[in-house]
Number of protein chains: 2
Amino acid sequence: MHDLLFDFISKYIALTDDEKNAIVSLDVFRSFKKGATLLKEGQKSNDGYFVLKGCIRTYYIIGGDEKTTAFYTEMEALTPHCVINKAPSEYYISCVEDTILIFSTPDMEAEMFSKFPKFESLCRILAEEFLAKQQINFDEFKTSSPEQRYLNLLQKRPDLIQRVPQHQLASYLGIKPQSLSRLRARILEKDKG
Amino acid sequence: MHDLLFDFISKYIALTDDEKNAIVSLDVFRSFKKGATLLKEGQKSNDGYFVLKGCIRTYYIIGGDEKTTAFYTEMEALTPHCVINKAPSEYYISCVEDTILIFSTPDMEAEMFSKFPKFESLCRILAEEFLAKQQINFDEFKTSSPEQRYLNLLQKRPDLIQRVPQHQLASYLGIKPQSLSRLRARILEKDKG
DNA sequence: TAAATACGTTCACTTAAGTTAAGAAATGAT
DNA sequence: ATCATTTCTTAACTTAAGTGAACGTATTTA
């Protein structure tokens, strides 16, 4: 299980055995069952998550129904907004599948950063990379129609369409579940004709 | 002019005079006229920008017309995607107003980081903070209608509605200029009635 | 200053998403 | 295995965004 993590990190920086041991000794690997809730609206938390295996999602409850806004799968990290701004969470986080996560807190990070400054470089690079990627995602979202967004998702993250319930995908695409159903029927119709 | 920058940085970390001088000696302040283009689609560049004064925007040209996807104003930083992934730019960047920017490159950053590790902390913190903020923005975008997005913008960044042409705002809101016009008329009508 | 260009609004029409409701299919729990 | 719940689809109707065009008003610029 640790190898998954070290293989990933090795793409960015080289780790000494000392550094690897420091990570292992933090003992931050945790398993969750499908449907388990990691964070609720209104809660305060200091936990950040790194997905080793499985899938988690963030969602709001607005006017009584769930709006899923993001999915995090293998090798993706999520530091909830409430950790950054030290306020109660605006959203929920739960597991879409059985999931293995690495937990982190600002304190743990601070300790690691001072012992191994290299880790702070890693975190900076990952944050900058993810930020640039997010910006492109947002740009694509703004400049395309729901149908284009669905087709785009089909290209870029076909796995998500398999692993995630339609009604969660719908809000991720910025539309209602009924509209997603209709839109898919429309696409099938076009393909036939 | 330097004070603007140091006041901002002091919110995150304390700088020694040595460190301040290191920044000043980089001599990275540059002025641009309204309309000036900083980056074009297809170009490669290593420049990141930090807005000291004014406003810049990123836009795509899709099917012949401009789609503005982001605005950066005072104390906001932009590292274009093409700098991160070392590929030609997918978008344009230009000045909405007369603007004063700080330029940076990965090389300059690397040098500063090795001389003053504190700067890497600052950049990590800024990146994480901006990432969390962007995620919330994206969430709000996904979970609201064009009209709600406009009203939300009116609350959160009323300055933008003043400083930016309507047709640029429209694509920023994910709609056509005509739809923005209509939507505004609709809101005025409601307010009256 | 005159002509050209760009910008914002309005209108009529088309297309697609939101809404409400009903029923079928899949999933989970006892 | 059965029942209950959740999920997905379909349909009819409403509402709003996309489209194409026209028009008036800045703003450029020749």
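First the proteins, then the strands, lettered A, B, ... as listed; each starts at 1. On a predicted model such as this, the values are computed, not experimentally measured, just so you know.
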Partner residues of B/K156 under the salt bridge (Lys or Arg N to Asp or Glu O under 4.0 Å) criterion, sequence neighbours left out: B/E140
Qualifying residues under ring pair (Phe, Tyr, Trp, His ring centres under 6.0 Å), relative to A/F8, sequence neighbours excluded: A/Y12, A/F50
Lys/Arg-Asp/Glu bridge criterion (N-O < 4.0 Å) met for A/K115, A/E109: no
Among pairs that include at least one residue of residues 75-96 of chain A, which meet salt bridge (Lys or Arg N to Asp or Glu O under 4.0 Å), considering only residues two or more places apart or in two chains? A/E76-A/R157
Return the set of residues passing salt bridge (Lys or Arg N to Asp or Glu O under 4.0 Å) with A/R184 (not counting sequence neighbours), or none when no residue passes. none
Other than A/V83, what residues sit in its cluster of Ile, Leu, Val, Met, Phe, Trp and Tyr side chains whose heavy atoms are under 4.5 Å apart, directly or through others? none
Just one of A/F138, A/Y60, A/F141 clears the side-chain contact (heavy atoms from CB on, under 4.5 Å) bar with B/K142, so which one? A/F141
Among all residues two or more places apart in sequence or in another chain, which pass the side chain to side chain donor-acceptor pair (under 3.5 Å) test with A/N85? A/H81
What parts of residues 148-163 of chain A reach DNA chain C, counting only heavy atoms under 4.0 Å away? none
Protein-nucleotide distance (B/L180, atom CG; C/dC7, atom P), rounded to Å: 14 Å
Pull out every protein N or O sitting under 3.5 Å from an N or O of nucleotides 5-8 of chain D, one pair per line with the distance.
| from | atom 1 | to | atom 2 | distance (Å) |
| --- | --- | --- | --- | --- |
| D/dC8 | OP1 | A/Q166 | N | 2.8 |
| D/dC8 | OP2 | A/Q166 | N | 3.2 |
| D/dC8 | OP2 | A/H167 | N | 3.0 |
| D/dC8 | OP2 | A/H167 | ND1 | 2.9 |

So with a 6.0 Å cut-off around NZ of B/K118, is the heavy-atom count from everything else above 12? yes
Summarise how protein sits on nucleotides 14-30 of chain D as a single string, 5' to 3': B when a protein heavy atom is under 4.0 Å from the base, S for sugar-phosphate-only contact, - for no contact. --SBBSB----------
Secondary-structure stems for DNA chain D, with pairs counted as Watson-Crick or G-U when both distances are under 3.5 Å and runs at least 3 long: C:1-30 with D:1-30
What pairs with A/F116 under ring pair (Phe, Tyr, Trp, His ring centres under 6.0 Å), at least two apart in sequence or on another chain? A/F119
Heavy-atom check, side chain of A/Q43 versus side chain of A/P88, under 4.5 Å: no
In chain order, what residues pass the ring pair (Phe, Tyr, Trp, His ring centres under 6.0 Å) check against A/Y59, with sequence neighbours excluded? A/Y92
